[in-house]
Asker: 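Attaching a single structure in structure tokens format; questions to follow.
Sequential numbering from 1 along the given sequence is applied to the chain's residues. Only this structure's heavy atoms are used, side chains among them; waters, hydrogens and symmetry mates stay out.
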Amino acid sequence: MKDPTNPSRNGNVTPEPAPRCLACQGALPPGRARRYCSDRCRQAGWRRRNQPATPVPPLPQPGSPRASSIYECPDCESRYLGTQRCDDCNTFCKKLGTGGACPCCDELITIEELTQP
């Protein structure tokens, strides 16, 4: 006698997995066909699909190392990108290292300062 709650192992029918929400992986409510379980998950899916790409900061150009070097004036502590002489003091600046403008605040910063904890 066959048990209707326990299908035969020899059958070629495999049960379909229950559909899941694309945002939270929760079970979808019964009824009409959907992709998301709630309005909240539908909005989260839209935001994820339409997110603007994060801009990648430009890397220093290959070639002259001076063009991507940060210099600091020993007198007034102003920083310059690729310029070895201070505009205000008219003195030669000290080289701090390779770097560029910070993408958040446009302040000149070296790579070493970014990687230090």
Side-chain angles (χ1 to χ4, degrees):
M1 178 178 233
K2 279 188 158 184
D3 184 12
T5 60
N6 191 6
S8 170
R9 292 186 186 186
N10 297 331
N12 59 0
V13 178
T14 57
E16 295 262 340
R20 298 281 179 187
C21 175
L22 295 178
C24 70
Q25 300 301 318
L28 290 176
R32 65 173 199 234
R34 332 177 159 197
R35 297 170 60 187
Y36 299 101
C37 63
S38 65
D39 287 338
R40 182 182 198 177
C41 287
R42 183 179 51 82
Q43 290 172 352
W46 187 89
R47 285 189 200 108
R48 192 175 321 136
R49 286 190 313 270
N50 296 304
Q51 214 173 33
T54 55
V56 177
L59 295 175
Q61 295 294 326
S64 173
R66 189 175 111 185
S68 61
S69 297
I70 303 292
Y71 296 94
E72 184 178 51
C73 177
D75 297 333
C76 65
E77 297 182 355
S78 297
R79 290 189 173 195
Y80 299 98
L81 178 63
T83 305
Q84 294 179 340
R85 188 177 285 268
C86 179
D87 294 333
D88 300 330
C89 306
N90 203 21
T91 58
F92 281 102
C93 298
K94 175 185 170 187
K95 182 177 179 179
L96 297 178
T98 304
C102 177
C104 299
C105 61
D106 288 335
E107 184 178 325
L108 296 177
I109 191 165
T110 63
I111 294 173
E112 291 81 24
E113 291 172 332
L114 286 174
T115 57
Q116 289 178 353

Asker: At what distance, to the nearest 0.5 angstrom, does CG of Leu81 lie from CG of Leu108?
Answerer: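 If I round to the nearest 0.5 Å, the distance is 5.5 Å.
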Asker: Kindly check if the number of other-residue, nucleotide or ligand heavy atoms within 6.0 Å of CD (Gln25) is above 12?
Answerer: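 Yes - once you tally the heavy atoms of other residues, nucleotides and ligands closer than 6.0 Å, there are more than 12.
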Asker: Look up atom CG in Leu28 and atom CG in Leu22, then write down how far apart they are to the nearest 0.5 Å.
Answerer: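 Output value for this atom pair is 7.5 Å.
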Asker: In chain order, what residues pass the salt bridge (charged side-chain N to carboxylate O under 4.0 Å, His left out) check against Arg85, with sequence neighbours excluded?
Answerer: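 Partners of Arg85 under the salt bridge (charged side-chain N to carboxylate O under 4.0 Å, His left out) test: none.
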Asker: State whether the number of non-hydrogen atoms from other residues, nucleotides or ligands found under 6.0 Å of Arg40 atom CZ is greater than 12.
Answerer: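 Not more than 12 within 6.0 Å, no.
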Asker: How many angstroms lie between atom SG of Cys73 and atom CG of Asp87, to the nearest 0.5 angstrom?
Answerer: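 It comes to 9.5 Å.
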Asker: Do Arg34 and Pro29 have side chains that approach each other closer than 4.5 Å (heavy atoms only, starting at C-beta)?
Answerer: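 Counting from C-beta outward, Arg34 and Pro29 do come under 4.5 Å.
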Asker: Could you go through residues 44-51 and list every donor-acceptor pair under 3.5 Å that involves a side-chain atom there, pairing it with any protein atom two or more places apart or in another chain?
Answerer:
unit_1: Arg49; atom_1: NH1; unit_2: Tyr36; atom_2: OH; d: 2.9
unit_1: Arg49; atom_1: NH1; unit_2: Gly45; atom_2: O; d: 3.4
unit_1: Asn50; atom_1: ND2; unit_2: Trp46; atom_2: O; d: 3.1

Asker: Under 4.0 Å between a Lys/Arg side-chain N and an Asp/Glu carboxylate O for Glu72 and Lys94?
Answerer: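 Looking at Lys94 together with Glu72, the answer is no, because their closest N to O distance does not fall below 4.0 Å.
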Asker: Of all the heavy-atom pairs spanning Cys93 and Tyr80, show the shortest one and how long it is.
Answerer: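 Nearest pair, atom of Cys93 first, then Tyr80: SG-CD1, 3.9 Å.
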Asker: How close do Cys76 and Cys86 get, heavy atom to heavy atom, and via which atoms?
Answerer: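 Distance-wise, the nearest heavy atoms are SG-SG, 3.6 Å.
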Asker: Only counting residues at least two apart or in another chain, list the ones meeting salt bridge (charged side-chain N to carboxylate O under 4.0 Å, His left out) with Asp39.
Answerer: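 For Asp39, the residues satisfying salt bridge (charged side-chain N to carboxylate O under 4.0 Å, His left out) (neighbours in sequence not counted) are Arg42.
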Asker: Going from CG on Leu96 to CD on Glu113, what distance comes out if it is rounded to the nearest 0.5 angstrom?
Answerer: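 It comes to 6.5 Å.
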